[in-house]
Colleague: 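Have a look at the structure that comes next, please.
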Amino acid sequence: MQLTAETWPIAASVLNFPPGTPDLDSWHDDALAVLTEVAEAGFTLVDLTDSWVRPGDLTPGQLDALESAAQQAGIGLASVSAIRRSVIDAAHGDDNLAYSHRTLDAAARLGIHTVSFGLHQALTEEQKRLLWFWRKPGHRDSEDPAVRAEAVRRFQVLGDHAAELGIVVSLEMYEHTYLGTGDSAARLCEEIGRPNVGLNPDIGNLIRLPEPVEHWRDLLEKTLPYTNFWHVKSYSRDEDPVTGAVVALPQYMEMGLINYREGVKMAIANGFQGVICVENYGGDGLSVSAANERYLRRILPRTPDYTLGVSRVQQPTLPRPVTA
């Protein structure tokens with residue numbers, strides 16, 4: 001049965017929460033407090049963004065405590081987003097690859113069928129000092145074809161592991177990486193060649209850059225055929241043609257540069273039936289995300305009798321919300 005506005009899995013990101021402390025005796029209560037806030041904001045699903053908690057580094061007991069807290073809060077575990085742990089990081093690539101495998105195993109234990117990885121690396125010290133880190137460039141992936149080939153190989157290995165667990169892998173778009181343009185991201189997916197490895201077209205990561213960027217529609221046209229998970233957020237963007245200055249600030253999805261009403265129609269036309277994760281930077285990001293969730297419910301199909309396109313990649317087994 002095709003998804004509708006009522007049934008579409010829309011998960012809250014927890015990137016607005018400080019890192020959790022699962023090594024403490026109070027981990028269950030700490031997790032419950034965060035997930036209860038998510039539920040009180042109106043969500044029934046959560047993305048385990050690993051800036052809050054790293055499932056791949058939790059013990060079986062800590063995973064059980066997390067699952068128990070989610071059930072108590074009435075929150076389903078929809079997905080895991082592992083960020084800034086590039087498998088081709090020159091210094092930490094091997095460790096990040098091992099961590100990615102552990103993340104897949106943890107996701108399977110938690111009954112999660114969607115895991116997002118990326119090639120973005122740790123923020124630079126200069127970026128950390130800024131109000132908005134995207135105002136200064138960070139890591140750039142190498143132009144060496146051998147490095148790109150290693151990224152392909154490692155994502156193939158992760159894809160094979162994920163397939164054994166019934167999980168789809170989604171690769172998050174991010175500036176100045178092999179997932180930093182529409183063409184490069186689509187080509188990387190083709191090079192990996194695994195049906196359960198697709199794209200997470202987080203084009204908000206790109207349209208906020210203080211430099212020339214692809215039009216949001218072009219980015220989606222190139223990447224939505226491969227999409228199996230979707231981080232959504234938006235920004236206002238202003239470009240001064242005289243000075244070349246660009247300013248981008250976080251914005252509600254319905255008011256930002258990206259026309260998500262059109263984008264959602266494009267995604268459905270390309271067969272997308274996966275989890276949508278709402279994100280926002282700055283201020284009360286959870287409340288902004290909740291407003292964005294309500295906006296999405298207004299623009300998603302209200303009945304299942306719409307025309308659904310054919311995706312080039314496997315769509316995930318969908319999560320089910322839980323009742324506290």
Side-chain angles (χ1 to χ4, degrees), residues 11-38 43 45-71 73 75-89 91-123 128 133 138-139 154-155 157-159 161-162 165 167-172 174 177 200 202 205 229 231 275 277-279 281 285-286 289 316 319:
S13 168
V14 284
L15 61 77
N16 303 105
F17 291 92
T21 52
D23 54 324
L24 301 180
D25 292 338
S26 62
W27 164 234
H28 173 275
D29 293 342
D30 293 346
L32 177 61
V34 168
L35 297 175
T36 297
E37 280 195 59
V38 172
F43 288 96
L45 294 169
V46 70
D47 172 77
L48 296 178
T49 320
D50 73 350
S51 57
W52 174 58
V53 64
R54 299 186 298 273
D57 288 343
L58 298 183
T59 66
Q62 290 166 342
L63 288 170
D64 289 344
L66 174 60
E67 187 172 29
S68 172
Q71 291 174 345
I75 288 288
L77 304 178
S79 51
V80 179
S81 292
I83 60 175
R84 301 196 184 282
R85 300 295 291 265
S86 170
V87 295
I88 53 170
D89 183 310
H92 307 290
D94 290 347
D95 289 342
N96 290 345
L97 178 61
Y99 168 78
S100 299
H101 281 292
R102 297 197 305 273
T103 298
L104 291 172
D105 288 332
R109 183 185 177 99
L110 293 169
I112 294 170
H113 299 280
T114 300
V115 176
S116 178
F117 298 119
L119 291 172
H120 39 316
Q121 300 191 17
L123 297 176
K128 292 177 183 177
F133 64 83
H139 164 80
R154 292 191 169 201
F155 281 137
V157 171
L158 287 172
H161 181 190
L165 301 171
I167 291 172
V168 300
V169 168
S170 198
L171 305 180
E172 180 181 354
Y174 198 86
T177 71
N200 168 6
D202 189 347
N205 289 339
F229 179 53
H231 284 176
V275 176
C277 170
V278 287
E279 300 182 317
Y281 284 99
L286 179 60
S289 294

Colleague: Do P316 and F229 come close enough that some side-chain heavy atom pair is under 4.5 Å?
Modeller: no
Colleague: Hey, could you give me the CG/NE2 distance between D64 and H28, rounded to the nearest 0.5 Å?
Modeller: 10.5 Å
Colleague: Would you check, one step at a time, whether the test side chain to side chain contact (heavy atoms under 4.5 Å, CB included) holds for H139 with D89?
Modeller: CA-CA 10 Å; H139 164 80; D89 183 310; over 6 Å; no
Colleague: Between OG of S13 and CZ of F43, what distance do you get to the nearest 0.5 Å?
Modeller: 9.5 Å
Colleague: Measure from the side-chain N and O atoms of S86 to the backbone N and O of Q121, and report whether any donor-acceptor pair falls under 3.5 Å.
Modeller: no
Colleague: V46 and L77: side chain to side chain contact (heavy atoms under 4.5 Å, CB included), yes or no, with the steps?
Modeller: CA-CA 5 Å; V46 70; L77 304 178; 3.7 Å; yes
Colleague: For the CG atom of L66 and the CD atom of Q71, what is their distance to the nearest 0.5 Å?
Modeller: 10.0 Å
Colleague: Any chance you could lay out the side chain to side chain contact (heavy atoms under 4.5 Å, CB included) test for R154 and D94, step after step, and finish with the verdict?
Modeller: CA-CA 10 Å; R154 292 191 169 201; D94 290 347; 2.6 Å; yes
Colleague: Is the CZ atom of R54 crowded by more than 12 outside heavy atoms at less than 6.0 Å?
Modeller: no
Colleague: Going by side-chain contact (heavy atoms from CB on, under 4.5 Å), name the residues that satisfy it together with S100, two or more places apart in sequence or in a different chain.
Modeller: V87, F117, L158
Colleague: Between E67 and L63, is any pair of side-chain heavy atoms under 4.5 Å apart?
Modeller: no
Colleague: So does H92 have more than 12 non-hydrogen atoms from other groups sitting under 6.0 Å from NE2?
Modeller: no
Colleague: To the nearest 0.5 angstrom, please state how far the CG atom of L15 sits from the CH2 atom of W52.
Modeller: 12.5 Å
Colleague: Kindly say whether P22 contributes a backbone atom to a donor-acceptor pair with the side chain of Q62 at under 3.5 angstrom?
Modeller: yes
Colleague: Looking only at heavy atoms, which two atoms of L35 and I75 are closest? And how far apart?
Modeller: O-CG1, 3.6 Å
Colleague: When rounded to the nearest 0.5 angstrom, what is the spacing between CG in D47 and OG in S116?
Modeller: 7.5 Å
Colleague: Does V169 reach the side chain of H161, with side-chain heavy atoms less than 4.5 Å apart?
Modeller: no
Colleague: Grab the two heavy atoms, one from L32 and one from A69, that are nearest each other, plus how far apart they are.
Modeller: CD1-O, 3.5 Å
Colleague: To the nearest 0.5 Å, what is the distance between OH (Y174) and CG (L119)?
Modeller: 12.0 Å
Colleague: Nearest heavy-atom pair of V80 and A107: which atoms, and what distance?
Modeller: CG2-CB, 4.3 Å
Colleague: Taking N200 for the side chain and H231 for the main chain, is one N or O donor matched with an acceptor at less than 3.5 Å?
Modeller: yes
Colleague: What are the two closest heavy atoms between I112 and L48, and how far apart are they?
Modeller: CD1-CD1, 3.9 Å
Colleague: Under 3.5 Å, is there a donor-acceptor pair between the side chain of T49 and the main chain of V14?
Modeller: yes
Colleague: Taking salt bridge (charged side-chain N to carboxylate O under 4.0 Å, His left out) as the test, write out the residues that go with R84, two or more places apart.
Modeller: none
Colleague: Could you walk me through whether H120 and N205 pass the side chain to side chain contact (heavy atoms under 4.5 Å, CB included) test, one step at a time?
Modeller: CA-CA 11 Å; H120 39 316; N205 289 339; 5.6 Å; no
Colleague: For the residue pair T103 / D50, report whether a side-chain donor-acceptor contact shorter than 3.5 Å exists.
Modeller: no
Colleague: Could you check whether atom CG of D23 has more than 12 heavy atoms from other residues, nucleotides or ligands sitting under 6.0 Å from it?
Modeller: yes
Colleague: State, yes or no, whether a side-chain contact exists between W27 and V53 at a heavy-atom distance under 4.5 Å.
Modeller: yes
Colleague: To check you understand the geometry: which heavy-atom pair defines the closest contact between N16 and L286, and what is its length?
Modeller: OD1-N, 3.8 Å
Colleague: I need the minimum non-hydrogen distance between A78 and T114, along with the two atoms involved.
Modeller: O-CB, 4.2 Å
